[in-house]
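What follows is a set of notes on a single structure, which appears directly below.
The sequence lines fix the lettering, A, B, ..., with proteins before strands; numbering per chain opens at 1.
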Amino acid sequence: MNEAIQLIIFMVLLIVLSPLLGKYMAKVFMGEKHFMKPVFGWLETSIYKVSGLKSEEEMNWKTYLYGVLLFNLFGMVFLFLIQMFQAYLPLNTEKLPNVSWHLSFNTAASFITNTNWQSYSGENTLSYLVQMMGLTVQNFVSAATGISVVLALIRGLTRKTTDALGNFWADMTRSVLYVLLPLSILLTIILVGQGAVQTFSHYVKATTLQGTQQIIPLGPAASQIAIKQLGTNGGGFFNANSAHPFENPTPFSNLLEMFSLIIISAGLVFTFGYYMKSKRQARAIFITMFILFALGLAISLWAEYSHNNVLNVAGSMEGKETRFGVMNSVLWSVTTTVTSNGSVNAMHDSLSPLSGLVAMFNLMLGEIIFGGVGSGLYGIIIFIILTVFIAGLMVGRTPEYLGKKIEAFEMKMAILAVLAPSIVIKLFSAVACSVPAGLAGLNNAGPHGLSEILYAFSSAAGNNGSAFAGLNANTVFYNLMIGFGMLIGRFGIIVPVMAIAGSMAKKKITPVSSGTFRTDNWLFVMLLISVILIVGGLTFFPPLALGPIVEHFLMNLGVTF
Amino acid sequence: MEKRNMNQLFTREIAVQALKDSFIKLNPGVLVKNPVIFIVGIGALMTTVVVFTDILNSHFSNFNFQITLWLWFTVLFANFAEAVAEGRGKAQADSLRKSRTQTKARKLINNKEEIVLANDLRKGDVVICDAGDVIPADGDVIKGIASVDESAITGESAPVIRESGGDRCAVTGGTKVISDTITIQITSEPGFTFLDRMIALVEGAKRQKTPNEIALIILLSGLTIIFLLVVVALPAYFGYSLKASGVSANHNLTLPVLISLLVCLIPTTIGGLLSAIGISGMDRLLRKNVIATSGKAIEAAGDTDVLLLDKTGTITLGNRMATEFIPAEGFTKEQLADAAQLASLADETPEGRSIVVLAKEQFNIRAREMQPMDSVFVPFTAQTSMSGLDFRNPDGQLRSIRKGSSNAIKKFIENNNGFFPKNVEETVTELSRQGATPLVVAENNQVMGVIHLKDIVKGGIKQRFAQLRMMGIRTIMITGDNPQTAAAIAAEAGVDDFLAEAKPEDKLHRIREEQANGHLVGMIGDGTNDAPALAQADVGLAMNTGTQAAREAGNMVDLDSNPTKLIEVVETGKQLLMTRGALTTFSIANDVAKYFAIIPAIATSLYVTASGISPLGVLNIMKLHSPESAILSAVIFNALIIVALIPLALKGVKYRPISANRVLALNIVIYGIGGIIVPFIGIKLIDMLLVSVHMI
């Protein structure tokens, strides 16, 4: 009962608060007056002044994309270098050695792509400097990159016969200053109040009741947790991520952290609504996401609560944190996998096969159910374009979305955006399960081993960052494969999305009539869900059948590996 | 061409020819144009190689052989669909070609006739045609009037009138003069006549892929690549799973099985039928006696959301008739009728003639010989909106009689320092309010009265417009009438908007305006002054009776010259796009069942428990007999569904004039949900059949 109430509170908060945040963000990005302007407005103007940016100068899609790529390349190189040389840099209180080149590459790729896949364990590998100057900064700007790209796409879809898609630098600055920073500060303060640590002190040496010595790692965790959740980053300060009591001390902090990892992505849907001047359109997208989210959650909860033939229990606590219980662990696992967040409060490796399947399926769909900050919305817009194209023809008009005709160029780009993550998941995982270097990292035999490999590449391609922890991924093979997987999964989508934004902006808008294929009603929601499941999901049926599905049936037969 | 039986899909000859063509189309150079089917072709070739190596190694596999056979059938069926569609077009082209027999022409050189071959005629040459002659090439009548039998092109047996000047001057090569003599100036080079172009279009020789078709092919190719990734990655997953379940790696998936899976998953149904749909779209238009210059035009027709319709002929029945003379104060009815008759004597328009007729009926005023009166006829122009006559009375007094719209006459009167009487103005307003056309008659600076011209709105047109509205299409009536008249007729006919007192350039402006607001505009035109607007419109339907300029400017020609045809053209365009969408949806929805047939079939050997239970066997929800029968059934279903859907591709999905949302809901139920269910049943039935005849 208690758990049901918690679940309902979460859902109600989501439904009530996302339109409000969406409206606020719309004001921020449309340049209207909003209440944070007096607080940080001076900072925004001085940033433009110091850097010499002309925030009002709008860019075409190529210039905008150039900005995105340049900014990310710079971030990647910087992050790579400060890891490689962290031993010589300040704020390394525990005297941690330099990070290996492949791990540095993997981590740099991971954090600029908003993935936060962690092949390392934070407290044993990275100095405070890297965590703060590198990772925390990227937690902000990678999320802001996502928001900027989706803003450009939104402008492309809602403006007509223009090249102008906004100014990338201004969008970045505003995303950080008015959205990510204020929310992070608020969340940090609450989390510290709940007992999350925020300190530069040395790790504490404690003597346990048994009399053994234990080192308790500390650090400026709370601030990084806030943005790792809000920015759908997910990289924990500590290896145990949000299962760690210093990261996630109380049930209230648990609710807040879960909620903050979904709220910006959900809010952006409504921001899109303000740009479209149609709440109905936004609502249709939100409902689609919500239904897919709820479906996955229902299957997961059912799987976790039903009787497990191997362990002979129902509601297994294996791999879960006793402080949170089954429902909060499952809710978190579904929320974090639909949103490309990737932070965890339970070990996904230990989920029952079907909940593992749901988590993995969420990743494979490409993180479009709410999805990453910005990336979730542009991801689902790609699927909307596909849906409109496939089904839109059936009304007897060439397909259009928001009055914009979808033609060969958009189709080409949409297909590229769908192909990019698909290549990573299918080909990379196929390579990994055929070569010794790939199989060496496995801790589990049988179908679960395949699931671990699949999960890792799905997580990389979807820029999620969570893992089936059974896979030892800190090897040259996995660091490189997953590193490239993350880059392809991120920029393989951003580039075509920007191209679509550019070509859509140039088009005229056909006015709505009763001959228009409507994208704001239940019929469309159902269609979009079907296309996402059939085109996005069904292609993963073969590997899923050989991984979690067969594992599920074997578990029912009482067989384990 | 003869009008064909609409219900007959194809004749025996077409089918036989199409069968031959299916094999000819196996040529890789041709096949590669259809990426999806090309992939199937490569797959079929690879399994063929497997079968031959099997034979060489003397362990022939019946299963591999059957798979190979059906893969080739899949390719052939797709080719057959295209060939049948082309065959239907060719049959029409052949009947057109018959009329292009080599004719002789009587060419005029320095006013002397010379017999030359029709093929030697160049643009600008002048020829003479008598009754019984076949017109040698496209041209404009520059002298004379004749009745022409155009049945060779239109299928319509009633002859049409062609005369010099005006909008009925264009004649088409291959048609036959029935009476009188006309002089024709040739307007086309040999090989580029209207008939030549028609034949080329119909045959599909110049068929280019339309924009939407290209986009769809990109989508289908993208899906094919995605499924290719699935199939390429599968042996790796499978190899891992074999090892994990302790089965020898030799049992990994065979090539024919993988290719079967690929072929079943890629959208072969729509891939195979796509070009047939496109060709038959043109063909269906042709059956309605409309020739589109490109497939793109048909697609644009489906997208059209604004139709510019001329009032006369489309909305109202033919022509307005004079029904009443209403004199101004100080004139009698007879005086008015007399002046009106004089002003209309040289006016060959139906309205003009109806005035002469009415004057004769009511006051027995007969036609007079005008030459002695030194008369000058002032013809009607769209700019002035009036016509009339200048002549001298026997006493030498100059009389200028004009009839025209009240605005035009007002201008005319004011220029002559006269004034426009109030009671006439009232009459004009009253008549306009009733939807009639008031034609004001004036002499010099005096208004003599009003002629009541009546318009009759076509029966059933209102319902038609209501249907169009439901489909999201706005209709705009174009008329030269004044706004009040236009408004009254617009209300009666139920059009959404009207453009009154429209001059030719107004049409063009209106089209540009609508297009700037994102609309796609369709219009009909026949006159030379319609040409710019026809060219500007997204769908310009030119009447075959129209001028050569109009026919060149539009992207479609209506051979029946029936203005209501535009609506049917739009419907055909919509139907074409719907068919494409429906079959794409069907094709993709089919995959669900195929997965459930093939995945359990290939995975039964994995993770078998000690007690012999195959965990993934549970997924075999169709309870197919064996792995081999399951795979073969899926492949056979996949091939046969192409053949089964050829009639649908050729005829198009059923078109219903209802709102987009309802059309969509209906089509989703039929082709989406149907597409999920049908293959489950089909594959199961084929499986049962295969087992019962011991094919497997």
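Side-chain atoms of B:Y595 come within 3.5 Å of backbone N or O of A:L538 as a donor-acceptor pair. When atom types are taken as modelled, the side chain of B:Y655 and the backbone of B:T572 share no donor-acceptor pair closer than 3.5 angstrom. At least one donor-acceptor pair under 3.5 Å links the side chain of A:S514 to the backbone N or O of B:R469. Of the possible polar contacts, none joining the B:D305 side chain to the B:H519 backbone as a donor-acceptor pair under 3.5 Å is found. Between the side chain of A:S429 and the backbone N or O of A:L454 there is no donor-acceptor pair closer than 3.5 Å.
Contact count versus chain A (heavy atoms, under 4.5 Å) is highest, among B:A233, B:S659, B:P211, for B:A233. Note: B:G472 leads B:G672, B:A603, B:G472 in heavy-atom pairs under 4.5 Å with chain A. Your options are B:I613, B:I599, B:L219, B:V653, and the one with the most heavy-atom pairs under 4.5 Å with chain A is B:L219. Of the listed residues (B:L664, B:I225, B:L666), the one with the most heavy-atom contacts under 4.5 Å to chain A is B:L664. Annotation: maximal heavy-atom pairing with chain B below 4.5 Å, among A:S513, A:G403, A:A408, occurs at A:A408. Options A:L386, A:I509, A:V431, A:V531 differ in how many heavy-atom pairs under 4.5 Å they form with chain B, and the most are formed by A:I509. Of all the listed residues (B:L223, B:I658, B:L619), the one sharing the greatest number of non-hydrogen pairs under 4.5 Å with chain A is B:L619. Each of B:L229, B:V663, B:L583, B:T584 has some count of heavy-atom pairs under 4.5 Å with chain A, and the biggest count is that of B:L229.
Ionic pairing of A:K507 and A:E400 is not present here: no N-O contact between side-chain nitrogen and carboxylate oxygen is shorter than 4.0 angstrom. A salt bridge does not link B:E299 to A:R397: none of the charged side-chain nitrogens sits closer than 4.0 Å to a carboxylate oxygen.
Both the backbone and the side chain of A:I390 have a heavy atom closer than 4.5 Å to some heavy atom of chain B. A:I534 touches chain B through its side chain: at least one heavy atom from C-beta onward sits under 4.5 Å away, while N, CA, C and O do not. For chain B, the nearby part of A:V535 is the side chain; its heavy atoms alone come within less than 4.5 Å. Residue A:N521 touches chain B through its side chain alone, counting heavy-atom pairs closer than 4.5 Å. Contact annotation for B:I226: both backbone and side-chain heavy atoms come within less than 4.5 Å of a heavy atom of chain A. For B:F227, the part lying near chain A is the side chain, with the backbone staying farther off; criterion is any non-hydrogen pair under 4.5 Å. Using a 4.5 Å cut-off between heavy atoms, B:A516 touches chain A through its backbone atoms (N, CA, C, O) alone. At a 4.5 Å heavy-atom cutoff, the contact between B:V618 and chain A is made by side-chain atoms alone. Proximity to chain B (any heavy atom under 4.5 Å) is restricted, for A:I415, to the side chain, taken from C-beta onward. The part of B:L520 that comes within reach of chain A is its side chain, from C-beta onward, which places non-hydrogen atoms under 4.5 angstrom from that chain. Heavy atoms of B:V230 lying under 4.5 Å from chain A belong to its backbone as well as its side chain. Heavy atoms closer than 4.5 Å to chain B are found in both the backbone and the side chain of A:I423. For B:T585, the parts sitting under 4.5 Å from any heavy atom of chain A are the backbone and the side chain alike. When heavy atoms are compared at a cutoff of 4.5 Å, B:N667 approaches chain A by way of both its backbone and its side chain.
When side chains are defined from C-beta on, A:F541 counts as touching B:F596, because their heavy atoms get closer than 4.5 Å. By the 4.5 Å heavy-atom criterion applied to side chains, B:Q515 and A:K508 are counted as neighbours. Side-chain contact check for A:T519 versus A:V388: some heavy-atom pair is nearer than 4.5 Å.
Atom OG1 in B:T210 sits 9.0 Å away from atom CG in B:L216 (nearest 0.5 Å).
Stacking of B:K243 on the aromatic ring of B:F238 is not recorded, the 6.0 Å distance cut-off and the 45° axial limit not both being met.
A donor-acceptor contact closer than 3.5 angstrom is absent between the side chains of A:T398 and B:N212.
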